[in-house]
Amino acid sequence: MKRLIRKVLTKAVPEKVKRIFTQPLSIEIELLKKQTICYAQEGEDLILETFFQNVGKGFYIDIGAYHPVRFSNTYLFYLKGWRGINIDASPGSMDIFKTLRPEDINVEVAIGKDEKTLTYYMFDESALNGFSKEISEYRHNNTRYKIQQKIELPLKRLETVLNEHIPLNSTIHFMDIDVEGLDLDVLQSNNWNKYKPLMMLVETSLVSDGLGMDSPIHLFLSEKGYRLVAKTFRTSFYKLQ
């Protein structure tokens, strides 16, 4: 009996009325299919995507990569077929990269301007690990995150690491640097005549002075031929002119 009633009602309802109820749903489903998942902390990967939408498979370098998925500015590109080099100083950090990002080059090493040993501050939130004593102690004393351990780690210049690991004749589409306060040191350790990415992402967190036009990082990258093209709360995007 229920089937008969449903059949009668289906035939009785005009096609135009049916479309009023079904069309919005189908449009919403199509929109959901087109949405992109963001893996970065502040949508940096989606901003990058607008600059490289015509690049099928590119190459990236992620310094201070931290995690292969969480807060990652490169994972979206890995899923699209891009490949690159992930670098992080935290002991054991590359184990999960080798599991989840096996087609990348995963390097556990600390990057610095001078090849020396430096104190590395490890927090109960590993995303905050870094070499800056000032930043680490401020976080320890003024936030809920606490230093759990201090260890001594040797530094290598970025130029040295890239000489060892970058594939021959690679075009570096973008380089992402997030090393909790020593970003300028990393920039200064590169060979800019040999390795010059098309786009640079640097954690600057310069909210107080707008886009940070007077910051050492901005001045350094400007001298190297880069122009500031976008900014999130924490990250500045520089494009090679």
Side-chain angles (χ1 to χ4, degrees), residues 34-90 93 96-97 100-101 103-107 111 125-130 132 135 139 158 170-187 190 195-213 215-218 220-222 224 226-241:
K34 292 176 182 177
Q35 285 182 347
T36 305
I37 295 174
C38 169
Y39 297 95
Q41 192 172 7
E42 298 176 342
E44 290 93 336
D45 48 0
L46 301 184
I47 295 172
L48 275 170
E49 203 178 28
T50 64
F51 288 101
F52 296 111
Q53 55 187 325
N54 296 320
V55 178
K57 293 182 180 180
F59 192 84
Y60 48 76
I61 296 172
D62 194 352
I63 304 163
Y66 164 58
H67 191 277
V69 179
R70 185 186 183 220
F71 297 158
S72 175
N73 293 345
T74 58
Y75 186 56
L76 177 64
F77 292 88
Y78 184 84
L79 295 178
K80 291 175 176 290
W82 287 47
R83 296 297 177 259
I85 302 176
N86 302 305
I87 301 170
D88 199 272
S90 293
S93 59
I96 191 170
F97 275 90
L100 299 180
R101 306 268 289 266
E103 293 184 37
D104 275 343
I105 299 165
N106 302 304
V107 185
I111 304 294
E125 166 53 83
S126 56
L128 303 178
N129 293 354
S132 172
I135 292 174
R139 285 170 170 166
L158 179 57
S170 294
T171 297
I172 307 170
H173 289 85
F174 69 88
M175 180 186 290
D176 180 25
I177 301 176
D178 181 356
V179 292
E180 305 303 318
L182 293 189
D183 305 79
L184 182 60
D185 285 27
V186 172
L187 289 170
N190 185 36
Y195 305 115
K196 204 155 191 177
L198 302 180
M199 182 83 72
M200 291 293 308
L201 279 76
V202 187
E203 187 187 44
T204 47
S205 303
L206 296 170
V207 238
S208 58
D209 55 354
L211 295 176
M213 298 298 186
S215 74
I217 286 175
H218 178 84
F220 181 89
L221 287 172
S222 296
K224 298 299 179 186
Y226 288 87
R227 179 171 59 90
L228 184 66
V229 292
K231 193 174 188 319
T232 66
F233 186 82
R234 292 177 177 86
T235 305
S236 294
F237 296 69
Y238 290 85
K239 186 177 180 182
L240 188 61
Q241 299 183 68

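This is a predicted model, so every value here is computed, not measured.
Counting only N and O atoms by type, the side chains of His218 and Tyr238 include a donor and acceptor under 3.5 Å apart.
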Next on the checklist: Applying side-chain contact (heavy atoms from CB on, under 4.5 Å) to Val229 and Met199, what does each step give before you reach the verdict?
Outcome noted: CA-CA 10 Å; Val229 292; Met199 182 83 72; 4.2 Å; yes
Item to check | Asp178 and Tyr66: CA distance, side-chain angles, deciding distance, side-chain contact (heavy atoms from CB on, under 4.5 Å) verdict | outcome: CA-CA 9 Å; Asp178 181 356; Tyr66 164 58; over 6 Å; no
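The ring pair (Phe, Tyr, Trp, His ring centres under 6.0 Å) search around His173 returns Phe52, Trp82, not counting sequence neighbours. Every residue was checked against the side chain to side chain donor-acceptor pair (under 3.5 Å) condition with Lys196, not counting sequence neighbours, and none meets it. Every residue meeting the side-chain contact (heavy atoms from CB on, under 4.5 Å) condition with Gln241, not counting sequence neighbours, appears here in chain and number order: Arg227. With sequence neighbours excluded, no residue forms a ring pair (Phe, Tyr, Trp, His ring centres under 6.0 Å) with Phe237. Under the rule for a side chain to side chain donor-acceptor pair (under 3.5 Å), Gln41 has no partner lying at least two apart in sequence or in another chain. Scored by the side-chain contact (heavy atoms from CB on, under 4.5 Å) test, Asp104 finds Tyr60, Tyr78, Arg83, Asn86, Arg101, Asn106 as partners (sequence neighbours excluded). Partners of Asn129 by side-chain contact (heavy atoms from CB on, under 4.5 Å), not counting sequence neighbours, listed by chain and number: Ser90, Tyr120, Met122, Phe123, Ser126. By the side-chain contact (heavy atoms from CB on, under 4.5 Å) test, Asp176 is found to be paired with Asp62, Asn73, Leu201, residues two or more places apart in sequence or in another chain being considered.
Of the candidates Asp88, Val186, Asn190, Ile63 forms a side-chain contact (heavy atoms from CB on, under 4.5 Å) with just one, namely Val186.
Rounding to the nearest 0.5 angstrom, the gap separating the CG atom in Leu76 from the CD1 atom in Ile37 is 9.0 Å. Atoms CG and CG, from Asp185 and Leu158 in turn, are 12.0 Å apart once rounded to the nearest 0.5 Å. To the nearest 0.5 angstrom, Ile177 atom CD1 is 9.5 Å from Leu184 atom CG. Residue Leu187 holds its CG atom at 8.0 Å from CE of Met175, rounded to the nearest 0.5 Å. In this structure, CE in Met200 is found 12.5 Å from CG in Leu228, a value given to the nearest 0.5 Å.
For the pair Val179 and Ile111, the minimum side-chain heavy-atom distance is 4.5 Å or more. A 4.5 Å side-chain heavy-atom check between Asp183 and Thr204 finds every atom pair outside the cut-off. Contact of the Leu198 side chain with the Phe51 side chain is not registered, since no non-hydrogen atoms from C-beta on lie closer than 4.5 Å. The closest side-chain heavy-atom distance from Ile47 to Glu42 is not below 4.5 Å. In this structure, the side chains of Val69 and Tyr39 come closer than 4.5 Å at one or more pairs of heavy atoms.
For Glu180 and Arg139, the salt-bridge test passes: some basic side-chain N is under 4.0 Å from an acidic carboxylate O.
For the salt bridge (charged side-chain N to carboxylate O under 4.0 Å, His left out) condition, the pairs that include at least one residue of residues 43-58, sequence neighbours left out, are Glu49-Lys80.
Residues Cys38 and Gly43 approach most closely at SG-CA, 3.5 Å, considering heavy atoms. Of all heavy-atom pairs between Phe97 and Pro68, the closest is CZ-N, 3.3 Å. Closest of all the heavy-atom pairs between Gly181 and Ile135 is CA-CD1, 3.5 Å.
Aromatic ring centres of Phe77 and Phe174 lie closer together than 6.0 Å.
Distance alone, capped at 3.5 Å, places no donor-acceptor pair between the Ser170 side chain and the Ile172 backbone.
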